[in-house]
Asker: 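Dropping the structure in here first, questions after.
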Amino acid sequence: MPRRSRGFTRGTAPPTAPYLIVQLKPAWRADLKAGAFVSGRKKVRLHDLVGAGVSLAPHISAVAGKAPRTLSAEERALAQFVQVRTTLPSQLRDVAKQLKQCDAVDAVIVPPEISLPG
């Protein structure tokens, strides 16, 4: 009788920079070049908020950097999600705590750790 598979092995994904997924409030957008959250004349710089060692990156690259008026309603909703990347995994909890207190931020999500079979 053939041996029954026990499922996935304990393979690991290649290392990536630790990051958080941040959902901005509807009136806010991310200025990736400036590393800031912007709404009208208000601007919250990421480095001022959480310190050095963090950066902004698009979560959905297809809508990143496009003017909001050129996007559909669905694309504008997707553009509200950005990644805040840190240099150290140990910073994630502190950065998440500080981001949750920001007026521009609606939600902070820690992405799941996913690995493929090795």
Side-chain angles (χ1 to χ4, degrees):
M1 177 178 267
R3 197 165 192 204
R4 186 176 214 190
S5 172
R6 294 183 182 202
F8 294 113
T9 62
R10 295 178 189 243
T12 57
T16 59
Y19 68 96
L20 299 164
I21 300 170
V22 175
Q23 181 181 7
L24 300 174
K25 291 181 179 174
W28 291 82
R29 65 179 180 82
D31 183 346
L32 300 174
K33 290 181 183 178
F37 304 134
V38 181
S39 177
R41 295 183 183 197
K42 298 179 193 174
K43 184 181 252 187
V44 177
R45 293 187 189 279
L46 191 61
H47 292 287
D48 295 341
L49 184 64
V50 295
V54 294
S55 63
L56 273 179
H59 189 60
I60 311 292
S61 59
V63 295
K66 293 186 179 179
R69 65 182 169 273
T70 64
L71 302 174
S72 68
E74 293 83 8
E75 290 171 327
R76 279 193 301 275
L78 289 174
Q80 294 302 113
F81 291 89
V82 293
Q83 291 181 8
V84 174
R85 296 176 182 249
T86 64
T87 54
L88 298 171
S90 60
Q91 290 178 320
L92 281 180
R93 290 192 191 275
D94 292 335
V95 171
K97 195 180 291 185
Q98 292 169 331
L99 285 170
K100 287 178 183 179
Q101 297 173 358
C102 178
D103 291 337
V105 175
D106 198 21
V108 178
I109 304 159
V110 178
E113 290 185 29
I114 300 172
S115 62
L116 299 173

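Predicted model only: the values in this text are computed from it and were never measured.
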Asker: Answer with yes or no whether the hydrophobic clustering places L46 together with V44; edges join I, L, V, M, F, W, Y residues whose side-chain heavy atoms lie under 4.5 Å apart.
Answerer: yes
Asker: Looking at every non-hydrogen atom in both residues, tell me the closest pair between W28 and S39 and how far apart they are.
Answerer: CD2-CB, 3.4 Å
Asker: What heavy-atom pair brings K66 and T70 nearest, and what distance separates the two atoms?
Answerer: CB-OG1, 4.1 Å
Asker: How far apart are the closest heavy atoms of P18 and L92, and which atoms are they?
Answerer: CB-CD1, 3.9 Å
Asker: Keeping the roles fixed (side chain from Q23, backbone from Q80), state whether a donor-acceptor pair exists under 3.5 Å.
Answerer: no
Asker: How close do L78 and V63 get, counting heavy atoms only, and between which atoms?
Answerer: C-CG2, 4.3 Å
Asker: For residues 98-110, run the donor-acceptor check on the side chains, cut-off 3.5 Å, and write out each pair with its distance to 0.1 Å, sequence neighbours left out.
Answerer:
none

Asker: Under 4.5 Å between side-chain heavy atoms, hopping through other hydrophobics if needed: is there a path connecting L56 to Y19?
Answerer: no
Asker: Which heavy atom in A57 sits nearest to a heavy atom in R85, and how many Å separate them?
Answerer: CB-NE, 3.4 Å
Asker: For residues L32 and A64, report the shortest heavy-atom separation together with the two atoms involved.
Answerer: CD1-CB, 4.2 Å
Asker: At what distance, to the nearest 0.5 angstrom, does CG of L20 lie from CD of Q83?
Answerer: 9.5 Å
